[in-house]
Structures are given as C-alpha cells and as structure tokens.
Number of protein chains: 2
Amino acid sequence: MSSTERLQRYLADERGGCGDDEVSRRLAELEEIDAAAGGPALDEDVGLLSALANETRYKIIRILHIAGEELCVCEFAPLLDVSDSAISHALSQLTDAGLITRRKDGKWRKYRATARANAVLVALDGSRKL
Amino acid sequence: MSSTERLQRYLADERGGCGDDEVSRRLAELEEIDAAAGGPALDEDVGLLSALANETRYKIIRILHIAGEELCVCEFAPLLDVSDSAISHALSQLTDAGLITRRKDGKWRKYRATARANAVLVALDGSRKL
DNA sequence: ACTATGTTTGAACAATCCCTCAATTGAATG
DNA sequence: CATTCAATTGAGGGATTGTTCAAACATAGT
C-alpha cells in the first residue's frame, strides 16, 4: 500500500476526509477513472497520434485534408522535401493508423484522408488559440 | 524541373490536359494547398501531437479529461506505472505543448486539461469506428 | 534551523524513430 | 519479352525519445 500513502496524506490535507471511508471512496473514484482511461482505445489512439506526430506525415494528412479529394502520390510528392521512399514509408504508417485509404489506378496510387483524420485536424484547427 | 516530370505525365495520363496551361494550373493549385498546409500551425500541431503520442502522457491527459477537474499529481500517479520522475517529465512536456495547466497549492501541484486537449480527445472519441 | 515530504531537474543509456540507399514489385507500352 | 516508370520494401545508421537514478528545489511542520 505504499503507493497510496501520499494520496492518504493529500486527502487528509486538502479534503476534509480523515477517515478510511473517505480515502477508499476517492480511491474507488480514481480506479474507475483509470479503468475508463485504459480501455482498448488507448493503444489505437496512441498509434494514430504517433502516426501524425511527424512533420512529413502530418503534412501529407494536411494536404489531403485541404485537397478534399483523393490525390496521386505524384501530386503531393513535389510538396514534400524527402525521398519517394520516405514518402512511401510515411503512407504505409498512415494507412496502418487508419488515417488514409489507398486506391490503385493503373500504375498510379491515389490516397484520401479518412473521416478520422479529418476529425482530428478539425479539432486542432477549432481549438487553436487566437 | 525534374520534380514535376512525373506530375506532367500523370496529368497527361489521367486528366485530359496535355497542354502546358493544364499542367501549370494544377501546379498552382497544389502550390496553394502546400502554402496552406505549411503555415506556422504545423510546428505547433506536430509538437502537440508528439506530446500526446506516448502512453504515459496520453493516459495523463485522458485521466484529467475524464476527471473533468484539476487533480493533484499524487492522485493520478498511482494509476501510472512509471516513476514520479517520469511523470514529472511527462507533465512538463504536456505543459509546454499547451495540453495542461499547472497550479501550485501549498506543497501540492494540481493539473488540469486545457480546452485544446479536451477538443482532441473528443475528436478521437467521436470518430472511433463502432 | 532542521527535517520530512512533494515535485522537479539533469545526466545517462537503451530503445525507438526517420531518413537514405539499393533492390524489388507491379503495371503499361513498345 | 524487354523496357520503362510508379511505388514499395528492407537494411542500415545517425538522431531522437523515454525511462530511471541521483541530486536538488520548494514548502510545511517541529
């Protein structure tokens, strides 16, 4: 129980409760929050955020989001200052994360941002300060 | 102009335009998209996403989001299986990214998720498939 | 002042990431 | 079938990250 000793002192200090029932009640609340926070969505969300947390990949998503339609790799490659290989690696990661979908059209490959990708960008744009 | 040769072939192949005006028009569109995608928001967004793209830091934000109120470090530390030092490093990065705010209360430190943090989590929750 | 406790900071190191290069696949065309 | 071009894949290595440990700082109580 060493991990809760500090919490017990905190509850005694800052919240009225000095009794064991107050401590255990708050502990139960926190456990419940923890259970809700640690669901299966955690790994998927962290994977998605990791995929977006890179300038090259973020820029690809942003370009596809602004375009509002599917784009050929050859269309946005000139806008990124990395090799075609790096772009392909980036597209693979974005696909795995559920942020883009791929369509084959002859020898060209076209990519489109998913609704999930658009939702995250809209949230970022909508919460920007000033 | 070697970077646009492939694009020229693509436009000739897939879109009717074989003329230079068609190519330059599409190029202008893509340049405009690029300019919009590469604004000053890029670095800030990537920084924010990088801060969230880690299990420890994501879980802290998720806990604060669910709690809906400020929490003392000592309250959520027991829910994370890393050292206090790691938690403090995580809180520092989250603060720098604008995802949490800090308040001193005696010897305790209390943290709260920002509106921006909540907006991103809501977008993630709202776009989850089934 | 001294001590105890909560939190932060800096150094250090393993683990991971992100790029380039080289080779490969897949599709269209001569 | 050979060639050409678009895109992908895998290996390799330098850069970055995420954690722990030890030490320091800050606040409250004795």
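All chains are named by letter (A, B, ...) in the order of the sequence lines, taking the proteins before the strands, and each is independently numbered beginning at 1.
- The phosphate of D:dT8 (OP1 or OP2) has a side-chain N or O of A:Tyr111 nearer than 4.0 angstrom.
- Remark: C1' of D:dA28 and CD of A:Glu14 are 12 Å apart, rounded to the nearest angstrom.
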Seminar exercise, completed: In 5'-to-3' order, the base (B), backbone-only (S) or no-contact (-) status of each nucleotide in nucleotides 16-21 of chain D, using a 4.0 angstrom heavy-atom cut-off, is --SSBB

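- Distances were taken from every side-chain heavy atom of A:Leu91 (C-beta onward) to each of D:dT8, D:dT9, C:dT7; the shortest belongs to D:dT8.
- Partners of A:Ser92 under the side chain to side chain contact (heavy atoms under 4.5 Å, CB included) rule, at least two apart in sequence or in another chain, are A:Asp96.
- In this structure, CH2 of A:Trp108 is placed 13 Å from P of D:dT8, rounded to the nearest angstrom.
- Comparing C:dT7, D:dT8, C:dT8 by their nearest atom to the side chain of B:Cys74 picks out C:dT7.
- Taking only side-chain nitrogens and oxygens, B:Arg9 comes nearer than 4.0 Å to OP1 or OP2 of D:dA6.
- By the neighbour-count criterion of 12 heavy atoms within 6.0 Å, atom CD of B:Glu55 is sparsely surrounded, having that number or fewer from other residues, nucleotides or ligands.
- Under the rule for a side chain to side chain contact (heavy atoms under 4.5 Å, CB included), B:Ala35 has no partner lying at least two apart in sequence or in another chain.
- A close approach under 4.0 Å does occur between a side-chain nitrogen or oxygen of A:Arg6 and OP1 or OP2 of C:dT7.
- In this structure, A:Phe76 has no ring pair (Phe, Tyr, Trp, His ring centres under 6.0 Å) partners at least two apart in sequence or on a different chain.
- The separation between A:Lys107 atom NZ and C:dA27 atom P is 12 Å, rounded to whole Å.
- At whole-Å resolution of the value, CD in B:Glu5 and C1' in D:dA6 are 14 Å apart.
- In this structure, B:Gln8 atom CD and D:dA6 atom P are separated by 11 Å, rounded to whole Å.
- Rounded to an integer number of Å, the gap from CG of A:Asp13 to P of C:dT7 is 11 Å.
- Remark: A:Gln93 engages A:Arg57 in a side chain to side chain contact (heavy atoms under 4.5 Å, CB included) (not counting sequence neighbours).
- Contact annotation: B:Lys104 side-chain N/O to D:dT27 OP1/OP2 distance is under 4.0 Å.
- In summary, of the residues considered (A:Arg102, A:Arg109, A:Arg103), a side-chain hydrogen bond (donor to acceptor under 3.5 Å, both in side chains) with A:Glu70 occurs for A:Arg103 alone.
- Applying the salt bridge (Lys or Arg N to Asp or Glu O under 4.0 Å) criterion to A:Asp45, with sequence neighbours excluded, gives A:Arg116, B:Arg62, B:Arg128.
- Going from atom OH of B:Tyr10 over to atom P of C:dA28 covers 14 Å, rounded to whole Å.
- As a whole-Å value, the separation of A:Ile100 CD1 from D:dT8 P is 9 Å.
- Within the 4.0 Å cut-off from OP1 or OP2 of D:dT8, at least one side-chain nitrogen or oxygen of A:Arg102 is found.
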